[in-house]
Amino acid sequence: MSAIESVLHERRVFAPSAQAVADATVSGMDAYKALCAEAERDYEGFWARLARETLAWHKPFTKVLDESKAPFYTWFEDGELNASYNSLDRHVEAGNGERVALVFEADDGTVTNVTYRDLLARVSRFANALKQRGVKKGDRVVIYMPMSIEGIVAMQACARIGATHSVVFGGFSSKSLNERMVDVGAVALVTADEQMRGGKALPLKNIADEALAMGGCDAVHSVIVYRRTGGKVAWTEGRDHWMHELSQAQSETCAPEPVGAEHPLFILYTSGSTGKPKGVQHSTGGYLLWAAQTLKWTFDWKPTDVFWCTADIGWITGHSYIAYGPLTVGATQVVFEGVPTYPNAGRFWQMIEKHKVTLFYTAPTAIRSLIKASEADAKVHPKSYDLSSLRILGTVGEPINPEAWIWYYENVGGKRCPIVDTWWQTETGGHMITPLPGATPLVPGSCTLPLPGIMAAIVDETGQDVPNGQGGILVVKRPWPAMIRNVWGQPERYQSGYFPAELGGTLYLAGDGSVRDKDSGYFTIMGRIDDVLNVSGHRLGTMEIESALVANPLVAEAAVVGRPDDTTGEAVVAFVVLKATRPQGDEAVKLANDLRAWVGKEIGPIAKPKDIRFGENLPKTRSGKIMRRLLRSLAKGEAITQDVSTLENPAILDQLGESL
Ligand code: WT7
């Protein structure tokens, strides 16, 4: 870890315009510093003030932070609220029922507007439908759906009745879906017949049926299906129900169920450094507070804005910045079903123009792939569109390289729009380290400074602070309201994984390496320090892919590492030893394709290795540990400089260095 050093030589600084400062809620660095000072001075008072101002409480809280069971912290514990009430009813009651909540654009370009009043009625009907199917407060409901109005309705309906949802990204395989349904103890599954992406219909219900048939899901009494395409699906009478049929029969009022602030709003699975994904458990009060508050601070959200976050509801970004944050503040937002390259790579820019988007939030991977596409075809270049509505741009999920940052700034933002490079994680619930658009001078590639109240720091392997300019481990020193509450059903994994004893047991370990600039104190994220890869902004555990590979009857051993990739940030490279002799030529190519498809089936297409290499063996130390650092060099095609004298069979390095 001591090898993490500052690689940032970026010297360009972009100060916010006088206009941006004047318009902003957090106006200027002094305003930012005043908020930070307020949090330093009276930590609990600061959070209590925000929680009272931002949320509507059914029963006000009297306690703020309870650290007595650390690291199982609680926030606002005796308060009661309902997330769906905060997202919907509140705005209708305030006279904003006719405001458009969702501008939904389908894959084929069809647009549907849903007002807050409509959305409340839809959510209430479906909440009643869930109740009729016997779903109760505290039950877990798995949602395996496309980007859709109905997906958001399903999440909000769970929140309305106090059921805890667990959304599984529609790109995951039946096996991944099964594992998550079993682990979370689901009683119901909400899915769709098919999903439309890039002009193609892809199955969901069929995969869900496969997942349910894999066993362990006996508790799932209801499968509720949104009819998206009308494609043919198998049907299990009694268990399967159409979403529209169930909803039609219901009343459009449903009293929101007040829950305690600590009640789990949702569980979202994410990859870690073991073979099994972990269910990140979030709260209701603290989580919702931060989803809303960060929208106001980081995106400087105003009622006149049109917000668009391009993430999928299957990831945390889609939870915080589609399903909850924008609705809690009462925003109008664009929701997109499709992909950025269909019908062509100008889709994002065309949609920004059409819907007059003011706040745009996407991933560096998308930006990098659209840069390439626009270099090849001027028609899809952002300059061919009117993007003058844009006010603020955001990025999330992975480090953005300064070249891509500058391109985004100049070509999409017209050198006018601040870029907020937001560092956060599934576990943090919302933004943690990010510029504020009307305050922070921007440096391309740096996520700059922590939000007020977020005590981020960089420490060494023993938990001691390191000076600015020296790389180290990114930690958060104090609990914050939106933080992960537990790993579902695995409290030891929560405690040892996020509050490791080696660091003293009280620091939240993010799992990223980072460095702060000597002068400005700005943070730059250096990537993961654990066995986690970041491919296109999606988190993948190397162990998870290795377990998937060795589950194949032909495979004896496998090791997976990441390799830098121009478009996806990192790419998956797998080193595989077969039980039979090492394949060569066409046979190796065919086997590699089979194994890729296998991983797609085991986990999902996002986890498919880009590169597979076969060897007679893997390089190991005398004690039998795989030399991953060496594999990383081989994956990059670098010359081997490490000491390989302990290798039993150095010839395998030539084998493993050979790409197919
Ligand atoms: C990991 C979290 C946050 C929602 C999407 C991903 C990386 C995230 C940034 C950023 C550099 C970033 C980190 C982090 N990451 N944002 N702005 N700059 N790296 O959520 O799947 O929980 O992954 O994504 O490595 O630990 P996630």
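Read the numbers this way: they start at 1 and go in the same order the structure lists the ligands and their atoms.
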Asker: Give yes or no for whether the N/O distance cutoff of 3.5 Å, strictly under, is met between Thr395 and ligand 1.
Answerer: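 No, since none of the N or O atoms of Thr395 sits under 3.5 Å from an N or O of ligand 1.
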
Asker: Among protein heavy atoms, which lies nearest atom 4 (C) of ligand 1, and at what distance?
Answerer: Thr317 OG1, 3.3 Å

Asker: Using a strict cut-off of 4.0 Å, indicate which atoms of ligand 1 neighbour a heavy atom of Ile316.
Answerer: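 Close to Ile316: 4 (C).
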
Asker: How far is atom 21 (O) of ligand 1 from its nearest protein heavy atom, and which residue and atom name does that atom have?
Answerer: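 Nearest protein contact, heavy atoms only, for atom 21 (O) of ligand 1 is Arg539 CB, 3.5 Å.
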
Asker: N/O of Arg528 under 3.5 Å from N/O of ligand 1, yes or no?
Answerer: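 Yes.
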
Asker: Quick one: nearest non-hydrogen protein atom to atom 10 (C) of ligand 1, plus distance?
Answerer: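 The protein heavy atom lying closest is Glu398 O, 3.6 Å.
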
Asker: Do any N or O atoms from the side chain of Gln425 and from the backbone of Ala510 form a donor-acceptor pair under 3.5 angstrom?
Answerer: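 Side chain of Gln425 to backbone of Ala510: a pair is present.
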
Asker: Flag His538 as yes when one of its N or O atoms lies below 3.5 Å from any N or O atom of ligand 1, and as no otherwise.
Answerer: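 Between His538 and ligand 1, no N or O pair is found under 3.5 Å apart.
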
Asker: What is the minimum heavy-atom distance between Trp297 and Leu436, and which atoms define it?
Answerer: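 The pair with the smallest heavy-atom distance is O-CD2, 3.5 Å.
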
Asker: Heavy-atom pairs closer than 4.0 Å: do any link ligand 1 to the side chain of Thr428, the backbone, both, or neither?
Answerer: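 For Thr428, there is no contact with ligand 1 at all, from either part.
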
Asker: Quick check: does any side chain N or O of Arg539 sit under 3.5 Å from a backbone N or O of Ser271, one acting as donor and the other as acceptor?
Answerer: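 Pair found, side chain donor or acceptor close to backbone of Ser271.
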
Asker: What is the minimum heavy-atom distance between Ile603 and Glu544, and which atoms define it?
Answerer: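 Here Ile603 and Glu544 meet closest at CD1-O, 3.7 Å.
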
Asker: Identify which of Thr422, Thr426, Asp421, Leu268 has a heavy atom lying nearest to atom 22 (O) of ligand 1.
Answerer: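 Answer by nearest heavy atom: Thr426.
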
Asker: Taking only heavy atoms of Asn534, which atoms of ligand 1 are found under 4.0 Å from at least one of them?
Answerer: 7 (C), 24 (O)

Asker: Taking the basic N atoms (NZ, or NE/NH1/NH2) and the acidic carboxylate oxygens, is any pair closer than 4.0 Å for Lys372 and Asp566?
Answerer: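 Salt bridge absent between Lys372 and Asp566.
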
Asker: Should Gly397 be counted as touching ligand 1, given the test is an N or O pair under 3.5 Å?
Answerer: yes

Asker: So which pairs with a foot in residues 277-299 pass salt bridge (charged side-chain N to carboxylate O under 4.0 Å, His left out), sequence neighbours left out?
Answerer: none

Asker: Nearest protein heavy-atom contact for atom 25 (O) of ligand 1: which residue, which atom, what distance?
Answerer: Asp512 OD1, 2.6 Å

Asker: Between Thr362 and Tyr408, is any side-chain donor less than 3.5 angstrom from a side-chain acceptor?
Answerer: no

Asker: Specify the protein heavy atom at minimum distance from atom 3 (C) of ligand 1: its residue, its atom name, and the distance to 0.1 Å.
Answerer: Trp424 O, 3.1 Å

Asker: Starting from atom 11 (C) of ligand 1, which protein heavy atom do you reach first, and at what distance in Å?
Answerer: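 Atom 11 (C) of ligand 1 sits closest to the protein heavy atom Pro399 N, 3.1 Å.
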
Asker: Flag the pair Glu410 and Arg12 as a salt bridge only when some basic side-chain nitrogen lies within less than 4.0 angstrom of an acidic carboxylate oxygen.
Answerer: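 Looking at Arg12 together with Glu410, the answer is no, because their closest N to O distance does not fall below 4.0 Å.
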
Asker: Does any N or O atom in Thr270 lie less than 3.5 angstrom from one in ligand 1, N or O only?
Answerer: no

Asker: Mind checking whether Phe348 and Phe360 have ring centres under 6.0 Å apart?
Answerer: yes

Asker: Aromatic ring centroids of Phe172 and Tyr144 under 6.0 Å?
Answerer: no

Asker: If you count the atoms of ligand 1 from 1 in the order shown, which ones are under 4.0 Å from a heavy atom of Ile525?
Answerer: 11 (C), 19 (N)

